[in-house]
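Just below is one structure, and these are the notes that go with it.
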2 protein chains.
Amino acid sequence: MSRSNPRVLSTLERAGGFASAQEVYKLMQREGEKIGLTTVYRSLQSLVDDKIVDLLRREDGEAIYRLCGEKHHHHLVCKSCGDTVEIEGGAIEKWAKSMADEHGFRDVGHTAEIFGICSKC
Amino acid sequence: MSRSNPRVLSTLERAGGFASAQEVYKLMQREGEKIGLTTVYRSLQSLVDDKIVDLLRREDGEAIYRLCGEKHHHHLVCKSCGDTVEIEGGAIEKWAKSMADEHGFRDVGHTAEIFGICSKC
DNA sequence: TTTGAAAATGATAATCATTTTCATTTGTGA
DNA sequence: TCACAAATGAAAATGATTATCATTTTCAAA
Ligand SMILES: [Mn+2]
Ligand SMILES: [Mn+2]
Ligand SMILES: [Zn+2]
Ligand SMILES: [Zn+2]
């Protein structure tokens, strides 16, 4: 188990929202930070292990990371133009919790996205 | 746009539940079917386009496919042993619809998965 | 039946994110 | 200073997915 390089976390913070490992790496390069891609991957992974960062997936399967701190939310995405609206998931949170309880699962997380065609398209 | 090779759909049916493109391909090879990996990918993709098949993602980001025909449901997956429970998503359905209405989206679909550690693990 | 355009196919190469290897550097306590 | 563990990163390996492109199949019109 390696400890996370603090500059990786700091960069992810500044990235605003989401960022993939590749993006974090490129960002650090542009800012003149000297770091290897391997270390970026390792650091993000251990941040996930430590539950400091959430791991999500882009539509194409690429892993993206976001600070846990930020308010948990979901997305409403337009399949045509890609426009995204951040939405609350109150109902989901309860649903996830009750389903997990009902089946004896612990350490529970969830994903939920809504997609459709927006009014402009 | 290519049409789906019917043997691919037939194989996915027999795969029982989920299968990745690679798995469908290997399955067909074992059964002596002569088909190219490319065609498997293309067929699955057009089945998804035609809404005959759902596209989901494994924990590691790999794309997996499942027949839509089956009653719409969601999954509660154990991150440790992979055990999966199919669950109802009544609350989700309403949530997705109301969120979409509220923001003027139409042709709406959604994904929702819950993951955690099961009681056996 | 012959013909030709369009669709389908699949071998191969290209992409690209992620992981593995492994040699080197850095930190740290005795 | 010394010995040893942890961290680092360059380079190669891996593996899924996609792009190319030449060949084959389909099929309707002539
Ligand atoms: Mn939520
Ligand atoms: Mn649902
Ligand atoms: Zn739109
Ligand atoms: Zn389990």
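A, B, ... follow the sequence lines: proteins, then strands. Residue 1 opens every chain.
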Original post:
To the side chain of A:L37, which of C:dT18, C:dG10, D:dT17 is closest?
Top reply: C:dT18
Original post:
Which nucleotide, D:dA16, C:dT18, C:dG10, lies nearest any side-chain atom of B:E62?
Top reply: D:dA16
**OP:** Classify the side chain of A:T38 versus the base of D:dA10 as yes if they form a donor-acceptor pair under 3.5 Å and no if they do not.
**Re:** yes
**OP:** Using whole Å, report how far CG of A:D60 lies from C1' of C:dT15.
**Re:** 12 Å
Original post:
Distance check: side-chain N/O of A:R3 vs OP1/OP2 of D:dA6, anything under 4.0 Å?
Top reply: no
Original post:
A:Y41 OH to D:dT14 P: how many Å, rounded?
Top reply: 17 Å
**OP:** Would you check if there is a donor-acceptor pair between the side chains of A:E62 and A:S20 at a distance under 3.5 Å?
**Re:** yes
Subject >> Phosphate contact (C:dT9 OP1 or OP2) by B:N5 side-chain N/O below 4.0 Å >> reply: yes
Subject >> A:Y25 OH to C:dC16 P, straight-line distance once rounded to whole Å >> reply: 16 Å
**OP:** Inspect the contact between B:E113 and B:R58 and indicate whether a charged nitrogen and a carboxylate oxygen are less than 4.0 angstrom apart.
**Re:** no
Subject >> Positive for side-chain hydrogen bond (donor to acceptor under 3.5 Å, both in side chains) with B:H74, one of B:E86, B:E93, B:E88 >> reply: B:E93
**OP:** Quickly work out the B:I35 CD1 to C:dG10 P distance and round it to whole Å.
**Re:** 6 Å
**OP:** Counting heavy atoms from C-beta on, name the nucleotide in D:dT17, D:dT8, C:dA17 closest to the side chain of A:Q22.
**Re:** C:dA17
Original post:
Hey, are B:S10 and B:R14 close enough side-chain-wise for a donor-acceptor pair under 3.5 Å?
Top reply: yes
Subject >> Within-4.5 Å side-chain heavy-atom neighbours: B:Y41 and B:T38 >> reply: no
**OP:** Using atom CD of B:Q45 as one end and atom C1' of D:dA19 as the other, report the distance to the nearest whole Å.
**Re:** 14 Å
Subject >> Atom pair distance, as rounded to whole Å: CG in B:L44 and P in D:dT17 >> reply: 10 Å
Original post:
How close or far is atom P of C:dA8 from atom CG of B:L9, stated in whole angstroms?
Top reply: 16 Å
**OP:** Could you check how far CZ of A:R42 sits from P of C:dT21, rounded to whole Å?
**Re:** 13 Å
